[in-house]
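Here's the structure, in structure tokens; my notes come after.
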Amino acid sequence: MNNTSYHCLSLLTSCKNLKTLKQIHASLVKIGLNSEPFIAGKLILHCAVTISDVLDYACRFFLHFPNPDVFMHNTLIRGFSESSTPQNSIFTFIDMRRKSMVPPDSFSFAFVLKAAANYGSLRAGIQLHCQALIHGLDIHLFVGTTLISMYGECGSVYFAKKAFEQMLEPNVVAWNAIVTACFRCGDVNGARKMFDMMPFTNSTSSNVMLAGFAKAGALELAKKMFWEMKVKDDVSWSTMIVGFAHNASFGEAFGYFRELQRVGLRPNEVSLTGVLSACAQAGAFEFGKIFHGYIEKSGFNWITAVNNALVDMYARCGNMEMARLVFESMPYKKSVVSWTSMIEGLAMHGYAEEAIQVFHEMEGSGIRPDWITFIAILYACSHAGLIEQGCSYFSKMKNVFNIEPKIEHYGCMVDLYGRAGYLQKAYDFVCQMPISPNAIIWRTLLGACSIHGNVELAEQVKERLSELEPNDSGDIVLLSNIYAVAGKWKDVATVRRSMTAQKIKKTPGWSMIEVDRTMYSFVAGEKSKKTTAEAYEKLKEIMLRLRVEGGYVPEVASVFHDVEEEEKEDSVFKHSEKLAVAFGISRLCKGRDIRIVKNLRICRDCHTVMKLISKVYGLKVVVRDRSRFHLFNDGSCSCKDYW
DNA sequence: GTAGGGTTAG
């Protein structure tokens with residue numbers, strides 16, 4: 001290789017964006033080096049892997065290259081395997097087998113199997129396994145390990161174990177892979193068995209177990225193992241903290257975070273994202289701000305993942321100004337997660353237009369939206385009643401971005417039509433879906449029937465739901481409420497009786513509020529706690545003032561059963577968000593916003609009460625319910641009563 | 001010149 005080639009190579013490696021890359025490519029063409037296999041390989045490696053989102057360019061270059069070698073094929077296969085269209089990785093592999101004279105090597109299989117795993121296609125995985133067998137590469141150590149992981153990710157623990165058994169000399173990585181595969185397929189006992197049989201011990205293997213237990217929700221097992229571990233590295237601690245956050249054990253997430261510092265370790269970026277996720281879910285705004293301060297001080301604000309967690313935390317704590325500030329001052333390139341978090345945050349707050357604008361900015365910045373971005377944008381449209389725009393994004397996703405809609409996207413579309421009152425259209429849409437609808441899809445439609453009081457359709461939908469998940473308390477309560485609003489008390493009674501007979505309990509509603517850096521939770525109808533008693537006292541006073549000054553009339557139409565008016569009032573009076581807001585008014589300093597997080601959807605009556613409180617008491621109330629944010633200010637809500 | 005197992009946000 002001559003000096004010019006070396007010069008071109010070093011230019012390539014330092015190149016960071018498509019514009020410079022195009023310039024280098026042009027000069028390569030000029031001096032005739034673009035057909036040099038080694039240089040061409042490096043060029044394609046750069047487009048397909050190193051610089052993000054220039055895969056199209058890599059592909060075009062590849063297609064025009066006379067006889068691409070195995071390296072170039074592998075690189076393109078690798079680039080597609082991590083993209084939002086892993087199928088293209090498999091197509092490239094097939095093309096290589098059909099058209100090219102170069103046989104695949106162990107790298108080809110490692111990459112293309114990863115694509116099958118990312119695509120979640122067991123069928124493709126098995127066919128590729130056969131191909132590997134034909135080439136005698138199925139027993140290759142790296143290929144074998146990738147086979148195990150692929151089968152695990154495609155949900156077949158049986159094939160994963162088979163692939164493991166066929167390995168000649170499995171090393172520690174292969175053992176860890178089979179344990180992870182068992183966990184991924186929900187085979188916790190299998191994972192434990194394999195772990196006990198392992199001829200190696202290192203801390204990675206134990207961390208595999210911790211992560212597996214935590215993901216399976218077996219926190220007690222994870223804790224037991226964690227405390228028995230002689231060497232706990234920072235991954236062990238981070239794994240526990242993230243595990244707690246995922247399982248809604250927020251107190252323990254914070255506790256372990258403190259403890260890791262107490263034993264003399266420093267928090268790393270993963271443990272920080274863990275505690276931020278706990279803050280985000282619990283709506284712990286004050287805690288979140290403290291962690292933010294720590295992140296700034298200790299220099300973790302350079303890490304994209306940490307910033308993304310901050311954006312999400314602020315958004316879920318109802319502070320979009322701070323979310324935006326973090327988002328806009330991110331030092332490194334924003335990732336697709338950064339953009340999506342921002343879009344979702346805006347959408348949750350009902351700022352649909354802004355969410356759409358950020359989506360366009362994202363397109364302009366060259367970051368390709370992925371399937372979750374589309375969920376966020378469809379959610380924004382459905383919650384703002386932007387039906388035409390929602391439909392156009394849905395088709396754009398398929399036609400422009402080549403992203404195959406998943407069941408979640410179909411769910412958004414059902415919500416889009418249903419919420420806006422096009423119930424028949426929503427129903428037809430469900431019937432024509434190419435994927436068979438799951439319980440969530442039908443439940444979305446049932447929710448729409450509830451909003452628009454369509455009893456007939458609700459009954460049909462509930463029947464479908466009963467086939468899939470017969471004992472879901474939420475569905476039964478929803479149907480009963482639909483009957484109640486329609487005044488069909490006989491049907492309400494029948495539903496209630498069957499619920500009692502089958503011993504189905506209603507999911508208790510809870511609300512949380514942060515006062516003086518302490519989280520207080522309230523449960524509907526609960527009377528035992530001291531804080532609850534305090535809240536009840538204050539609530540009585542508030543309701544009286546709302547009646548006198550705000551002209552409040554209780555909205556009790558959806559109350560569960562046909563009882564006297566006074567009793568109905570009493571029933572909505574007990575809702576946890578009312579207790580939380582009363583507690584906030586009683587404890588928080590004047591002028592402070594009240595922020596509440598609730599696990600279920602806010603009811604119509606509570607919604608009215610919050611609006612009146614914001615007017616009569618002259619304060620801002622922010623309620624994050626199961627599906628979105630409500631910002632109550634001066635007598636109205638940011639959701640414009642559309643939720 | 002490219003690869004496999006553990007924790008990272010939406």
Side-chain angles (χ1 to χ4, degrees), chain A residues 9 12-13 37-42 44-46 48-50 69-79 81 105-114 117 140-150 152 167 170-181 183 198 200 202-212 214-215 233-243 245-246 268-274 276-277 280 300 303-313 315-316 326 334-345 347-348 369-376 379:
Chain A
L9 271 185
L12 262 177
T13 8
F38 193 81
I39 302 265
K42 278 286 184 192
I44 202 161
L45 177 67
H46 240 68
V49 181
T50 318
D69 63 6
V70 66
F71 181 89
M72 285 179 76
H73 276 99
N74 290 351
T75 308
L76 198 64
I77 291 170
R78 177 184 172 193
S81 75
D105 60 11
S106 63
F107 290 94
S108 323
F109 282 107
F111 296 134
V112 76
L113 285 169
K114 185 93 184 139
H140 185 279
L141 184 61
F142 279 52
V143 175
T145 311
T146 316
L147 276 170
I148 296 168
S149 304
M150 179 276 294
M167 289 190 89
N171 62 1
V172 65
V173 181
W175 276 95
N176 289 341
I178 186 63
V179 173
T180 302
F183 273 125
M198 267 174 86
F200 312 91
N202 68 4
S203 59
T204 303
S205 311
S206 303
N207 291 337
V208 168
M209 293 302 287
L210 292 184
K215 279 196 189 122
D233 62 11
D234 61 336
V235 177
S236 325
W237 284 95
S238 320
T239 304
M240 291 304 287
I241 291 165
V242 170
H246 281 168
N268 65 10
E269 72 270 27
V270 181
S271 49
L272 281 164
T273 54
L276 284 174
S277 153
F300 284 109
I303 295 168
T304 305
V306 172
N307 281 305
N308 294 344
L310 277 172
V311 170
D312 184 51
M313 182 276 290
R316 282 180 201 272
V326 174
K334 297 174 183 86
S335 70
V336 61
V337 180
S338 330
W339 289 96
T340 306
S341 306
M342 195 63 201
I343 293 168
E344 204 205 347
M348 275 195 300
D370 66 9
W371 66 280
I372 305 180
T373 319
F374 276 100
I375 288 180
Y379 172 101

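Heavy atoms of A/V143 sit nowhere under 4.0 angstrom from any nucleic acid atom. Across all strands, A/T239 comes closer than 4.0 Å only to sugar-phosphate atoms, never to a base (heavy-atom distances). A/S338 comes within 4.0 angstrom of no nucleic acid atom, judged by non-hydrogen atoms across all strands. A/T373 comes within 4.0 angstrom of a nucleotide base, judged by non-hydrogen atoms across all strands. Base engagement by A/N74 is indicated by at least one non-hydrogen atom pair under 4.0 Å involving a base atom. Residue contacts shown for A/T145 include a base, since a base heavy atom lies under 4.0 Å away. Counting non-hydrogen atoms under 4.0 angstrom, A/N307 reaches nothing in the nucleic acid. The residue A/H73 sits apart from the nucleic acid: no heavy atom pair falls under 4.0 Å. Among the atoms of the strands shown, none is found under 4.0 Å from any heavy atom of A/A376. The residue A/S149 sits close only to the backbone: its heavy atoms come under 4.0 Å of sugar-phosphate atoms, none of a base. Contacts of A/F109 with the nucleic acid, taken as non-hydrogen atoms under 4.0 Å apart, are absent. Among the protein residues, A/V208 comes within range of the sugar-phosphate backbone only, with heavy atoms under 4.0 Å from sugar or phosphate atoms but none that close to a base.
Applying the 5.5 angstrom centroid cut-off and the 30 degree plane-angle cut-off, the aromatic ring of A/W339 is not stacked upon the base of B/dG10.
The nucleotide whose nearest atom lies closest to any side-chain atom of A/V235 is, among B/dT7, B/dA3, B/dG5, B/dT7. Side-chain proximity of A/V242 to B/dG10, B/dT8, B/dG1: nearest is B/dT8. Minimum atom distance to the side chain of A/F142 is reached by B/dA3, of the listed B/dA3, B/dG5, B/dA9.
Computed from coordinates, the A/K334 NZ to B/dT8 P distance equals 24 Å when rounded to whole Å. For the pair A/K114 NZ and B/dG4 P, the computed distance is 7 Å after rounding to whole Å. The CD1 atom of A/I303 sits 13 Å away from the C1' atom of B/dT7 (whole-angstrom rounding). A/N176 has its CG atom 14 Å from the P atom of B/dG4, to the nearest Å. Look at CE on A/M313: it is 19 Å from P on B/dT8, rounded to the nearest Å. B/dT8 atom P lies 16 Å from atom CZ of A/F300, rounded to whole Å. Taking atom CG of residue A/N171 and atom P of nucleotide B/dA3, one finds them 17 Å apart after rounding to whole Å. For the pair A/K42 NZ and B/dT2 P, the interatomic distance rounds to 7 Å; values are reported in whole Å.
A/T204 and A/N176 are not linked by any side-chain donor-acceptor pair at a separation below 3.5 angstrom, with hydrogens and angles left out of the test.
Here the straight-line distance linking atom CD1 of A/I178 with atom CE of A/M198 works out to 11.5 Å at 0.5 Å rounding.
Without hydrogens or angle criteria, A/S277 side chain to A/T273 main chain gives no donor-acceptor distance under 3.5 Å.
In this view, A/T146 and A/A110, A/L113 satisfy the side-chain contact (heavy atoms from CB on, under 4.5 Å) rule, not counting sequence neighbours.
Below the 3.5 angstrom threshold, one finds a donor paired with an acceptor across the side chain of A/D370 and the base of B/dG10. Residue side chain A/S341 does not reach the base of B/dG10 through any donor-acceptor N/O pair under 3.5 Å, judged by distance alone.
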Item to complete: List the steps and the verdict of side-chain hydrogen bond (donor to acceptor under 3.5 Å, both in side chains) for A/T373 and A/T340.
Response: CA-CA 5 Å; A/T373 319; A/T340 306; 2.9 Å; yes
